[in-house]
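Values in this document were obtained by computation on a predicted structure and should not be read as measured data.
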Amino acid sequence: MRPIQDTQRALKLIRLNAEKWHLDVNKVGVFGASAGGHLASTIATHDDDLSKINDNLDSYKFKPNFMILVSPVISLGDYTHKGSLGNFLGEHATSENIHEYSNEFHVTKNTPPTILFHAQNDPTVNPMNSLLFYEQMMKHEVKGSLHIFPKGKHNIGIYNASSLTDEWKTICTKWLKERNIIK
């Protein structure tokens, strides 16, 4: 749970210092790739504040205003990346813990707008993770976008397998502009 606590605390620190850093507190987002996508989507879909320590940051919001998820681990169920499941919940995870942290089950109308990128041929994190999350976004009318590229494996953004896959950065930038997050 420490990564969740650290991320919640970091988002609060950003909001605390937003004016000093010339940031808009209503335009604070998270980016997560692979297991980092699980962390980002957990922060955005779970309401428990695990970072409270009875200081001045406790009053700040930890939920992001938007998410960018690339090849994210979302589900810890049928389509999970076994290594992520083991690292996060341990080898003897209960079905209750698996459900609690399978983030597709926790999308609500309050989930922030999200853009997802995945490759159809990802051998590491099954693209069903992104599809399941997006399906719930649609069900709960969460604004967002889903892009599944035919190639890219688990390397989107690192080593792009094609010029099409490399377009994820352009698509993401346009999405952020359309949402008035950047100019």
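Across R15 and K61, no two heavy atoms sit closer than the pair NH1-O, 2.9 Å. Residues T108 and V142 approach most closely at O-CG2, 3.2 Å, considering heavy atoms. Considering all non-hydrogen atoms of both residues, H46 and E100 come closest at NE2-O, 2.7 Å. The two atoms that bring M137 and T114 nearest to each other are CE-O, 3.5 Å, heavy atoms only.
Side-chain atoms of Q5 and S51 form no donor-acceptor pair, as typed in the model, at a separation below 3.5 Å. In this structure, a donor-acceptor pair under 3.5 Å is present between the side chains of S130 and H118. Side chains of H147 and S145: a donor-acceptor N/O pair is present below 3.5 angstrom, by distance only.
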For residues 32-43, tabulate all N or O donor-acceptor pairs below 3.5 Å that involve a side-chain atom, not counting sequence neighbours.
{"residue": "S34", "atom": "OG", "partner": "H154", "partner atom": "NE2", "Å": "2.9"}
{"residue": "H38", "atom": "NE2", "partner": "Y101", "partner atom": "O", "Å": "2.7"}
{"residue": "S41", "atom": "OG", "partner": "G37", "partner atom": "O", "Å": "2.9"}
{"residue": "S41", "atom": "OG", "partner": "H38", "partner atom": "O", "Å": "3.2"}
{"residue": "S41", "atom": "OG", "partner": "N103", "partner atom": "ND2", "Å": "2.9"}
{"residue": "T42", "atom": "OG1", "partner": "H38", "partner atom": "O", "Å": "2.7"}
{"residue": "T42", "atom": "OG1", "partner": "N103", "partner atom": "ND2", "Å": "2.9"}

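The side-chain contact (heavy atoms from CB on, under 4.5 Å) test with L116 singles out one residue from P127, S71, P72, and that residue is P72. Screening I74, V125, V73, N129 for a side-chain contact (heavy atoms from CB on, under 4.5 Å) involving Y79 leaves a single residue, N129.
Between the T80 side chain and the K82 main chain, no donor and acceptor come within less than 3.5 Å of each other. A donor-acceptor contact shorter than 3.5 Å links the side chain of T165 to the backbone of K151. Of the possible donor and acceptor atoms, one in the side chain of Q8 sits under 3.5 Å from a partner among the backbone N and O of D48. At distances below 3.5 Å, at least one donor-acceptor pair connects side-chain atoms of T173 with backbone N or O atoms of K169. A donor-acceptor contact shorter than 3.5 Å is absent between the side chain of T7 and the backbone of I4. Remark: the backbone N or O of L76 is paired with a side-chain donor or acceptor of S102 at under 3.5 angstrom. K139 contributes no side-chain N or O that, together with a main-chain N or O of Y134, makes up a donor-acceptor pair within less than 3.5 Å. Judged by distance alone, with hydrogens and angles left aside, the side-chain atoms of N17 form a donor-acceptor pair with the main-chain N or O of L13 at under 3.5 Å.
The shortest side-chain heavy-atom distance between F31 and V70 falls under the 4.5 Å cut-off. D122 has its side chain out of reach of K153: every pair of non-hydrogen atoms, C-beta onward, lies at least 4.5 Å apart. At a threshold of 4.5 Å between non-hydrogen side-chain atoms, the residues T111 and M67 count as touching.
At a threshold of 4.5 Å between side-chain heavy atoms, the hydrophobic network of Ile, Leu, Val, Met, Phe, Trp and Tyr places Y60 and V28 in two separate groups. Taken together through direct or relayed side-chain contacts under 4.5 Å among Ile, Leu, Val, Met, Phe, Trp and Tyr, L57 and W21 form parts of separate hydrophobic clusters. A continuous path of Ile, Leu, Val, Met, Phe, Trp and Tyr side chains, each step under 4.5 Å between heavy atoms, connects I182 with I115, placing both in one hydrophobic cluster. Taking hydrophobic clusters as Ile, Leu, Val, Met, Phe, Trp and Tyr residues chained together by side-chain heavy-atom distances below 4.5 Å, L50 shares a cluster with I14. One hydrophobic cluster, built from ILVMFWY side chains closer than 4.5 Å, cannot hold both I181 and V25; they sit in different ones.
For the atom pair W175 CH2 and F66 CZ, the distance stands at 7.0 Å (nearest 0.5 Å). Atom CZ of F133 is separated from atom CG of L146 by 11.0 Å, given to the nearest 0.5 angstrom. Distance NZ/K109 to NE2/H140: 11.0 Å, rounded to 0.5 Å. From W168, atom CH2 reaches atom CG of D166 across 9.5 Å, with rounding to the nearest 0.5 Å. Distance check, rounded to the nearest 0.5 Å: CG of N65 to CZ of R179 gives 10.0 Å. Of the inter-residue distances, the one linking L16 atom CG with N56 atom CG reads 6.0 Å to the nearest 0.5 angstrom.
At most 12 non-hydrogen atoms from other residues, nucleotides or ligands lie less than 6.0 angstrom from NZ of K52.
Taking 4.0 Å as the cut-off between side-chain N and carboxylate O, K12 and D49 count as a salt-bridged pair.
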Fill in: side chain to side chain contact (heavy atoms under 4.5 Å, CB included) assessment of K63 paired with D47
CA-CA 8 Å; K63 291 265 188 148; D47 294 326; 2.7 Å; yes
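Looking at residues two or more places apart in sequence or on another chain, you find no ring pair (Phe, Tyr, Trp, His ring centres under 6.0 Å) involving F62.
Ring geometry for H106 against H99 counts as perpendicular: the plane angle is over 60°, on a 0 to 90° scale with 30° as the lower cut.
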